[in-house]
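A quick write-up on the structure given underneath.
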Amino acid sequence: MTESVWDAIVVGGGPAGLSAALMLGRARRRVLVIDAGSPRNRFAEHMHGVLGQEGVAPGELLARGRAEAAGYGVEIADGTVDRVDRDDAGLRVTTDDGAVRTTRALVVATGLTDELPDVPGLAERWGVSVLHCPYCHGWEVRDRRLGVLAVPPLGLHQAELIRQWSDRVVVFTAGLGTIPPDAERRLRARGIALEPAPVAEILGEGDAVAAVRLDDGREVAVDAIFTAGAPRPHDGFLAPLELERTESPFGSFLAVDAMGRTSDERIWAIGNVVNPAANVPMSIGAGALAGGAVNAALVAADVDAAMRDAAESFWEQRYADSDRVWSGRVNRVLADVAGALTPGRALDLGCGEGADVLWLAERGWQATGIDISPTAIRRATSAAADAGLADRARFRAADLETMPEEVYDLVTASFLHSPVALPREDILRRAAERVAPGGHLLITSHASAPWADAPAGHEGHEHRFPGPEEQLAELALAPDAWEVLIAETRSREAVSHDGEPATLDDVVVLIRRR
Ligand SMILES: Cc1cc2nc3c(=O)[nH]c(=O)nc-3n(C[C@H](O)[C@H](O)[C@H](O)COP(=O)(O)OP(=O)(O)OC[C@H]3O[C@@H](n4cnc5c(N)ncnc54)[C@H](O)[C@@H]3O)c2cc1C
């Protein structure tokens, strides 16, 4: 099954995921939450430390969250995401029922599993009388007999912490091995009892803990046990994407920035899947941050797309409005430079009606021209056919930001200026990447030229005309990989639109990949 592209798919409908979905829904994004329905705190009857929701059942908070998000058009589907693939159109998300959905952005909020110490009687009381977090459940067992089943890496810290809630604390230390004398002195100073014998079993009636039975047969009476599971983040379905990870004493987690963005700029990861210490409010906060960040990224992408559309329609109109826009003669700098090179494969960026590409093809080059205007490309293609050069002069109507994968012996960009926004610096840097070893990059540009005809909405758009040195600096090339052959301003005689003779200055930069 396939369907149209979602703005965002949120994997996981716990506090983190629903909070992100709420933000995105309110930002009028088309959002789908896919949730397997097993939040980490499902074992607990009540949540604590959650302002405004104190004592509310975990399921109740999520039901409210789902309803609130749905109120802004967020769709929620039950299911488990099995895999995510990259695609030109976005990210393809596959669920366990075989459904495939495509999304522009992905928020991973899948939480984790607490892998508990393997002690009989422990796991079945998890969340009721076997607890992990005193901020969540310490108040409810204050002043009671509390056992701490200490495990690395934070067992000793947890023991010191629990003493804040009761002065009747016993730490079962076998899981830590030998304890440093300093650490033992700290615990004893606070009146905490230490029990080094290994724990054999947790005893009690139903969910309630009554005692800890030790390997040597002794029983220690307790009313609750604190321990820590090893956090196992639910991120295996992302493994093929090879996202960057970070190692911590708690294990390996996806690496994220402050907003939750991973090393893939379309994927965010939030809540317990990246931060095992995040409680419910922290997970909600992370969701709110990431929701805003995802929307900001989508807004930026929407603006870029609009700018591309504006550029395309500006250039298309410019060509379509007249029979022929340029002279059809080769640019003189290109003729001078390429005339001295051995023909090979050439790429002309912003080729217009194709005069330079045809000139190159005539001289034995296998030349490709790219231009954003379909009309210009149609004209160039038919000129190539008329000249019998169709096998050596090829043209493609495309945005210059999507450059071919191949490498070329000559990449050339002549007068790549535009009164509508054009990411010229980016394009030229990527053009350099397309130059083969031993090949050349030739950039010819106006030293200065006012645009008299900026289209509506683009008036005052600042056109920068970098000089030769500035142009080189913008390319940010590794000096050991490139040789600068020409970097200068050349004057030439020209005829202006109204037929008057004029002198024009061209900036010429020719570099060669070593
Ligand atoms: C026993 C216990 C009690 C707790 N009590 C408290 C408390 O009182 N107060 C407090 O603030 N915090 C408490 N916590 C911590 C709390 O559980 C977490 O802070 C919170 O659950 C983190 O939210 P999350 O959205 O990151 O992950 P989760 O709440 O775990 O939600 C993740 C969701 O993603 C789904 N999912 C996983 N993989 C997939 C997949 N591949 N496809 C689709 N869906 C998937 C899961 O089924 C789940 O529904 C407790 C934790 C435990 C273990």
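First listed ligand is number 1; within each ligand, the first listed atom is number 1.
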N or O contact, [X] vs ligand 1, cut-off under 3.5 Å:
X	result
G37	yes
T80	no
A278	yes
V50	no
P281	no
S38	yes
H48	yes
N272	yes
F237	no

Numbered in order shown, the ligand 1 atoms found under 4.0 Å of a heavy atom of N279 are 10 (C), 11 (O), 12 (N), 19 (O)
For D114, the atoms of ligand 1 under 4.0 Å from one of its heavy atoms are 53 (C)
Going by the 4.0 angstrom heavy-atom rule, the piece of H234 near ligand 1 is side chain
### Message
Does any part of the side chain of D235, heavy atoms only, come nearer than 4.5 Å to the side chain of R245, both counted from C-beta?
### Response
yes
Nearest non-hydrogen protein atom to atom 32 (C) of ligand 1, with distance, is A109 O, 3.4 Å
